[in-house]
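Working notes, structure below.
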Amino acid sequence: VRCASLATGLLLLGLGWARPAAAACPQAQRVVVVPFEWLAIEPEAAREAESLVRAAALQRLGDCLEPRKATVERMRSTGAFLSSCTDDACRARRAATLQAGWVMEGIALGVGGRRTVSLWLWGPDGRMVKRVAPLPEGDQREKVAELVNGLWSVHSSHRPVRVVPLVVLGAAAAAGAGAVAMGLSAKAKEEALSRGMDGCPATGDEARSCLAAQIQEGRQAAMMSNVLSGVAGVLGAAGVVSLVWEWP
Amino acid sequence: MYPWLLPVVLAAAAAATVASAAPPGPSALSRRDTFAVVVGNNESLDRKRPALQYADDDAAGYFRLLEAQTEEAALLAVLDKQTQQRHPGLAARARPPTRAELLSVLRRLNESMRRVKDAGGTPVLYLVYAGHGQRDAGGEGSITLLDGVFRRSDLFDQVLGPSQASYVHLIVDACDSYFFVHSRGALPVGPSYAAAVGDHLGARELSRFPQVGVVLSTTKEQESHEWSAIQSGVFSHQVRSALAGAADVNGDGVVEYSELAAFVAAANQGVADVRARVELFARAPALDRAAPLSDLRRPSRLGFLLLPPGLSGRMWVEDARGVRMAELNKEPERAVVLALRAEATYYLRSAAGEARTAVGQGGEVVDASGLSWSPLPLAARGPIQDAYGERMFTVPFGPRFYRGFAASMTEPPVAIREGLDLSP
């Protein structure tokens, strides 16, 4: 029985490894490259351009690039056209329909005696960036890789500021700074009192009450530092979690 | 186009056939060298017929489009003051539209075309005319040049007879497709005049001239369609839009005669008054009915504006001087590319707004997706409000329209592809 369980476990493990890589990728990160449209160019040339883009995307994105076969099967059920979207909301719906976090579409053109490719990339929020670039004769891999990487970079640089995580992290930083300041203040007070009376009279009731006040002040600073440290820790953790949560 | 202009065209086609050796077939498409002669003349030799306003603008528009795609192009026109302002620098390159200039230009182009043929190439000649046409008492048709009429026999003997072109594309926009807004004279309503013209041509002459294709305005005599909003004849505006790529229904980069005919039909589909419709007769060269009337794939000095899927409806492109370059009503699913003069600023406009863009060097493609649209300025919005402007280009042109139109065509339809390539 034990051997059978072990064999079953190994089999399941093997099947897990054998699954398509894209299936292991969360939907929010899955990238779909839609088969390219073509204009004034042979469909074979458009397919070649698409393959180059896929290769460049695979190099950058790894397992999260959905294989063409899976995309084609999905598109057969949704209609084999490029998106007719003109706004972010429509593109976001298109991405959801394709069960993708990111969608890349393109048109290969052969006008004016040149080969050109126009690429569009958008994420789950539907915001789109585009690039048009000529495809030089000869080895086009480097040029296409540059194009694809540029597209992703542009999209990253246009990413909107995530307000909530930044506010939370800012508050955490402020609390942390306050904690450090209070801690240093308490430490300074402790050191001053350990060296002498820290400005209090040397004897008498007045000296006693003055010393007690100084000690109380130091304790309050230390306690405030501890509280602020805790707050900074909690806010920092919350900020990191929310930042990761909102990451595309 | 007048009935008596048809014999002019047919005779010219006959001359071209006699003069030219049989051109190579479609396999030689990649080695086509093109030449163009564009003639525009506002003037009328008949005092009863007023001069045209925009024949020179039409000639300038054709010339701008064709010169960037051709090895050699000539413009024969006297541009009026407004046209010179709209097309700066062009007047210095234009020659007067006289008989002597026309024949001189053709002699020069014939020499160039002969060299192309000797080198194994396929010279293609565009011969474009915009202006008045008339018929003499004997029934011989003629077009109007600055120094007199140019008769059918002249065209036969002196223009197309000696032509070295392997393919000839004749585009004739005579005066009857002008002045729509100021339509004058008797406007008979009846069966399609284009159909009658087609029957006439098909039955009698055109099949004998296999390398000549014709694009003719076929609206009736006395009907003149000129539209101030576009500073152009309506027929020529639609033809230029088609040649710029708006008619390329299957996205192969080539505008064939059948696509042009369907495009113009769609552009006028919404015009309810038959007297106001621009009618066109288009017949491809019998030698190669798929001969490209416009080929955007060829190396050229044009830039290109890509209208991707998503953009839809009626839209037009104007340059910074307000010259309307191309217009279409686009189905949302298909992508369209429009050829435009390079190194210029353009405004893509629709009823909803406008987007500014610029085309840099020749061969550059500008993607219109994601352009910033702003409300249309009042000055640009005004002209489109007139009655004719609201009716032209109201029907979307694309595969759906083309399939329906193809059933009535004599030309073989182009192959329409279905969506994207979903092969594994």
Side-chain angles (χ1 to χ4, degrees), chain A residues 34-48 50 67-88 90-91 94 105-122 127-135 154 158, chain B residues 30 68-69 244-245 248 250-255 292 294-313 330-340 342 350 352 359-371 373 399 417-424:
Chain A
V34 175
F36 278 17
E37 175 67 279
W38 66 95
L39 264 179
I41 201 170
E42 305 78 22
E44 295 77 16
R47 182 67 178 268
E48 184 186 343
E50 181 197 329
R68 189 177 199 275
K69 185 180 177 187
T71 303
V72 163
E73 285 171 2
R74 202 187 310 280
M75 292 202 68
R76 283 198 175 118
S77 61
T78 59
F81 290 96
L82 295 191
S83 65
S84 298
C85 295
T86 54
D87 57 58
D88 293 353
C90 174
R91 280 187 287 269
R94 168 85 162 173
E105 292 188 338
I107 298 181
L109 301 105
V111 289
R114 289 189 193 179
R115 288 187 174 188
T116 309
V117 64
S118 184
L119 289 179
W120 314 304
L121 171 71
W122 70 86
R127 280 183 317 104
M128 181 188 76
V129 293
K130 61 172 183 175
R131 278 268 173 116
V132 182
L135 293 174
V154 170
H158 287 182
Chain B
S30 59
Q69 306 176 70
D248 181 17
N250 60 351
D252 63 354
V254 170
V255 177
S294 176
D295 189 347
L296 305 182
R297 302 168 304 180
R298 298 181 69 248
S300 71
R301 296 175 292 282
L302 291 167
F304 299 91
L305 180 63
L306 170 63
L307 306 177
L311 282 178
S312 63
K330 180 176 168 295
E331 288 182 353
E333 293 85 3
R334 72 176 185 128
V336 174
V337 69
L338 295 177
L340 299 169
S350 71
V359 176
Q361 60 183 356
E364 180 182 339
V365 175
V366 176
D367 187 343
S369 62
L371 288 179
W373 289 79
R417 66 172 191 260
E418 301 289 342
L420 303 172
D421 173 17
L422 293 189
S423 59

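Numbers restart at 1 for each chain; the letters A, B, ... are given by sequence-line order, proteins then strands.
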- Query: Do you know which of B:N250, B:L302, B:L306 has the most heavy-atom pairs with chain A at a distance under 4.5 angstrom?
  - Reply: B:L306
- Query: Looking only at heavy atoms, which two atoms of B:L420 and A:P35 are closest? And how far apart?
  - Reply: CD1-O, 3.4 Å
- What residues form a side-chain hydrogen bond (donor to acceptor under 3.5 Å, both in side chains) with A:T71, not counting sequence neighbours? A:E66
- Shortest non-hydrogen separation from B:L422 to A:R76 and the atoms involved: O-NH2, 2.8 Å
- Item | Between A:A46, A:G113, A:G112, the one whose heavy-atom pairs under 4.5 Å with chain B are most numerous | A:G112
- Region of B:S423 that comes under 4.5 Å of a non-hydrogen atom in chain A: both
- Residue among A:V132, A:L39, A:V117 satisfying side chain to side chain contact (heavy atoms under 4.5 Å, CB included) with B:V365: A:V132
- Region of B:E364 in contact with chain A, defined by heavy-atom distances below 4.5 Å: backbone
- Task: With a 4.5 angstrom heavy-atom cut-off, could you sort out which part of B:V254 is near chain A: side chain, backbone, both or neither?
- Result: neither
- For B:R417, is it the side chain, the backbone, both, or neither that has a heavy atom closer than 4.5 Å to a heavy atom of chain A? side chain
- Top of B:A339, B:G253, B:G303 for chain A proximity - count of heavy-atom pairs under 4.5 angstrom: B:G253
- Item | Per-residue contact mode, B:D367 against chain A (heavy atom under 4.5 angstrom) | both
- Task: Could you name each residue pair satisfying side chain to side chain donor-acceptor pair (under 3.5 Å) that touches residues 107-116 of chain A, not counting sequence neighbours?
- Result: none
- Message: Looking only at heavy atoms and a cut-off of under 4.5 Å, which of A:E42, A:R47, A:K69, A:E73 has the most pairs with chain B?
- Response: A:R47
- With rounding to the nearest 0.5 Å, note down the distance linking CD in A:E37 to CD in B:E333. 11.0 Å
